[in-house]
Amino acid sequence: MPGFPDDMPFFDEDDAPHGVPSRPAAPAAGASSGGSGIAARAMAARQGSGSAPDYLSGLNPEQRLAVETTEGPVLVLAGAGTGKTRVLTTRIAHILATGRAWPSQILAVTFTNKAAREMKSRIGHLVGEAIEGMPWLGTFHSIGVKLLRRHAELAGLRSDFTILDTDDVTRLIRQLIQAEGLDDKRWAPRTFAQMIDGWKNKGLGPAEIPEGDARAFANGKGRELYAAYQERLKTLNACDFGDLLLHPIRIFRQHHDVLAEYHKKFKYILVDEYQDTNTAQYMWLRLLAQRPKTSSAVQAAEGRARDRAPGDFSPAPAAVTRSEAERTNQETAQPPQAAERPASENKPTQQINICCVGDDDQSIYGWRGAEVDNILRFEKDFPGATVIRLERNYRSTAHILGAASHLIAHNEGRLGKTLFTDRPDADDAKVNVHAAWDSDEEARAVGEEIESLQRKGHALNDMAILVRASFQMRSFEDRFIEIGLNYRVIGGPRFYERQEIRDALAYLRVVAQGADDLAFERIVNVPKRGLGEATISQIHATARALGSPMLEAAANLAESDELKPKPRAALREIAANFARWQGLIDTTPHAELAETILEESGYTDMWKNDRSAEAPGRLENLKELIRSMEEYESLRSFLEHVALVMDAEQNEGMDAVSIMTLHSAKGLEFETVFLPGWEEGLFPHQRALDEGGRSGLEEERRLAYVGLTRAKKNLHLWFVSNRRIHGLWQSTIPSRFLDELPEAHVEVAEGGNSYGGYGNPYGGSSFASGRGGFSAGRQNPYGASRFDSVGSPSGARAARGDQSGSGGGAFSNTYATPGWQRAQQNRTEATSRNWGTRSGHQVERIGYGEVDSGYGAGRGSVKGRVIDGELVAKSVADTPSPFAVGDRVFHQKFGNGNIAAIEGNKLTIDFDRAGQKKVLDGFVTGV
DNA sequence: GGCGGGCCTCTTTTT
DNA sequence: GAGGCCCGCC
């Protein structure tokens, strides 16, 4: 290798202190010289144990192949629960233990912080405590930050740049839109922020975005705005999430010496969840993984790029050169260009060994720009790649696996894997499907099931509730608080997004990085200092005139006579405070400094003087914030953590049920999993269908697959007949995904028998008793309870059967149930209609809001949603309650009473004997 | 400049 | 239903 002798490893500063041997491939030397090298230690352990090292034992042949095929490109297609993480971590351990590379020569990328943490700790278990020596294990974004901090000047930033979160970005864009004289209501800043994010996911800078996209926003000013946004970021010495990838990409392209440095450095690259990489991440990886054969080839390749976009050397707003972006978009079907092909064909010792692990069936981030294509074309990108399939599932029972496999088989365009398990299924429970009346009952029933399991000795930590959308979490939280059940919300309402935390962070950001105008603006008048809009726009103007950050402008302004005495004094004080705090940054421990700042700024006092109910909690949170800062070595690393991680790890020690979205559940597993909300419109989500059509549906199905495969032993699916969406009740029908489950592995676990009678909280005994109400001649207001007897004679039978209490439910499987049949029937009906067309497909577009209008107005109207000629969802609009306030009614359990209030189909009734109860109108009859 | 009430929009998923 | 924003009043 001309120029870069390969036997001169590039060491990180992290490793530098140790007396490292010159060649990592000589582990024995490391051991004898007493180096703290992880390889040395692992080798020692290995030698002690004789033949195959411990860490390899217990791997199946495919896993072992994936671990031991260290050289050349490797793609591991790992189905759910097939030991993917184990393979990744063992592979790293193997590379280290056999002295193939030093920890700092391994680049291991994950998507989430959780996954990174998990990998770190598992590698730690495998090879001892040398994990601090894996400086390049992290998320795409955290590694991006690390790269960018090292080379910030090449991107026109200082190394202390700030990372903006979505909220900051939105505010910034709002300012820009307003500065353009545009209406920020017509052109929502959030929408534009999402557009920019989308472009960045594709690796597009302002110059490269499609003309159509550019025109679509702000009267054709999309491109301008994007460019202005990038400019603004630069003056703020800040970047957004997308920049964390795009800046390094551009740096690599424009400074081949920098890229070569990393080519020399990283001998092994490992990528987790490869199916979720987006175009920008793909470009980033490819730059790092495909080392040109010679350095002149690097120059040639980069020169080519530069020729096409001359002058892009300066950190212009263009994030990547146009030519590069275009090429990537066009080359999907072509093999990579010669210069970029991995060198593997010639000299195995010089290649960079990339190993990607993924599962196309678990690709659930298409909406975020992920390109499943990346995994599908791996073999084209890396000729000669070894492809290894992991199909033996170690996680779930045969029933769960059978259900999941059957479901996912409905998708087209898969690489095709068949999961199998050796587990006998004799004693395992089938997948249970439950129906509930509404989300409250769903939460109540799930809570009771959890408590019942708990009584049987199951730990709450082994249970999880995985929801499609975060709003679903609330009913569970409410219920669990009520019954005193420990739970933990993962990725829920975030600690760092609370007002007081963001305010405090804003102070810290200004201290750490004086150019952070967004942070400055946030707190300049918090607590109130009498600095209103007038003063602030004056600061703005001065900042513009001086070309300086607002803080500096404020300091200047305070010394001038342009302001009235009051604001002038206030500004002077702020400026002096910040100057003082900034002076303390190197001498005071950062947690202490933070406390000082919050005290001296009057921020803590502000909440102390606040008489509102939340104030004490906010003070508590601030204390917690300061406590958590102590774990970080510097203010800057703390702020970086906050920007990237954005979730506070909460009381890990406690035994608690986990509640999280399906997206954040990926990679996790639990004994018992509850999957509520399997209703059309929610799951599959209407918006995914509207915006993604067929592929959107398939992504939803993959999401369902992810959910199902999280369960090891018990899996409970739920759907409700009524769900409150946007504050209004809506009838729902069961998700088509339920239909797609195989009968053999599924059973309906129903009603008031097994779990102590939650079946019908309003009526008392079961759904069946509720039917009594309908027999009085009412139309069934809900479309799809499988206990719905309307329109199906067998339904009445079934309902009676349930009432008789057959434990596991009245139906041997889901599909014989009347409600099911009715749902099917509804579909057929709706499919036969023509709902108008959109882009050639039959589409009836009904947002939730529109359906809502049917409440009370669209009496009895029935609409269907059709996409690609298939019925997608159907909503039976609610029939208004037939009762009126004051009506005298009879309830089977509570007896006679008067209606006190009506809320949708929920009645508040003052019963003569039972007192006031809330009851659904289906369960009472007029007297 | 501050504060309160009312109106409006938006609620899929995340680094 | 819920939070954010705007407007109008003090």
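To find a chain, count down the sequence lines: A is the first, B the second, and so on, and within it residues start at 1. The figures here come from the full heavy-atom set of this structure, side chains too, leaving out hydrogens, waters and symmetry mates.
- Checked against the 6.0 Å centroid criterion, the rings of W367(A) and H685(A) do not qualify as a close aromatic pair.
- Not one side-chain nitrogen or oxygen of T166(A) sits closer than 4.0 Å to the OP1 or OP2 atom of dT14(B).
- If you take NE2 of H663(A) and P of dT14(B), they are 7 Å apart, rounded to a whole angstrom.
- Within the nucleic acid shown, F140(A) has no heavy atom closer than 4.0 Å to any nucleic acid atom.
- Partners of F140(A) according to the ring pair (Phe, Tyr, Trp, His ring centres under 6.0 Å) rule, which considers only residues two or more places apart in sequence or in another chain, are F111(A), W284(A).
- Taking a cutoff of 4.0 Å between a charged side-chain nitrogen and a carboxylate oxygen, E740(A) and R701(A) qualify as a salt bridge.
- The residues K200(A) and D243(A) are annotated as salt-bridged, a charged nitrogen and a carboxylate oxygen being separated by less than 4.0 angstrom.
- Toward the 5′ end of DNA chain B lies the nearest nucleotide of N525(A), the other residue of the pair S142(A) and N525(A) mapping further downstream.
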Name the pairs: protein N/O against N/O of nucleotides 3-10 of chain C, kept only if under 3.5 Å.
none

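- Residues passing the side chain to side chain contact (heavy atoms under 4.5 Å, CB included) test with R171(A), sequence neighbours excluded: D167(A), D168(A), L518(A), R522(A).
- Protein atom CH2 of W729(A) is 10 Å distant from nucleotide atom P of dG1(C), rounded to whole Å.
- The residue from F719(A), W718(A), W678(A) that alone fulfils the ring-ring contact (aromatic ring centres under 6.0 Å, His included) condition with F683(A) is W678(A).
- To the nearest angstrom, P of dT15(B) lies 21 Å from NE2 of H247(A).
- Counting non-hydrogen atoms under 4.0 angstrom, A188(A) reaches nothing in the nucleic acid.
- Checking H141(A) against K528(A), the closest nucleotide of DNA chain B that is more toward the 5' end is the one next to K528(A).
- With dT14(B), dG2(B), dT15(B) as the candidates, the nucleotide lying closest to the side chain of W367(A) is dT14(B).
- When the nucleotides dT15(B), dT14(B), dG1(C) are ranked by their closest atom to the side chain of F241(A), dT15(B) comes out on top.
- A donor-acceptor contact closer than 3.5 angstrom is absent between the side chains of E180(A) and Q178(A).
- F471(A) places its CZ atom 14 Å from the P atom of dG1(C), with the value rounded to the nearest Å.
- Each of dG2(B), dA2(C), dT15(B) was ranked by its minimum atom distance to the side chain of R474(A); first place goes to dA2(C).
- Rounding to whole angstrom units, CG of residue N278(A) and P of dT14(B) are separated by 16 Å.
- Atom-to-atom, CD1 of I364(A) to P of dT15(B) comes out at 11 Å; the value is rounded to the nearest Å.
- What separates CG of L164(A) from C1' of dT15(B) is a distance of 14 Å, to the nearest Å.
- Distance from the side chain of R724(A) is smallest for dG1(C) among the nucleotides dT14(B), dT13(B), dG1(C).
- L531(A) comes within 4.0 angstrom of the backbone, heavy atoms only, and of no base.
- The side chain of R190(A) approaches dT11(B) more closely than any other nucleotide in the set dG1(B), dT11(B), dT14(B).
- Whole-Å rounding puts the M473(A) CE to dT14(B) C1' distance at 12 Å.
- In this structure, the nucleotide among dC3(B), dG1(C), dT13(B) sitting nearest to the side chain of T661(A) is dT13(B).
- H141(A) and F241(A) have perpendicular rings, their planes meeting at more than 60° on a 0 to 90° scale where under 30° would count as parallel.
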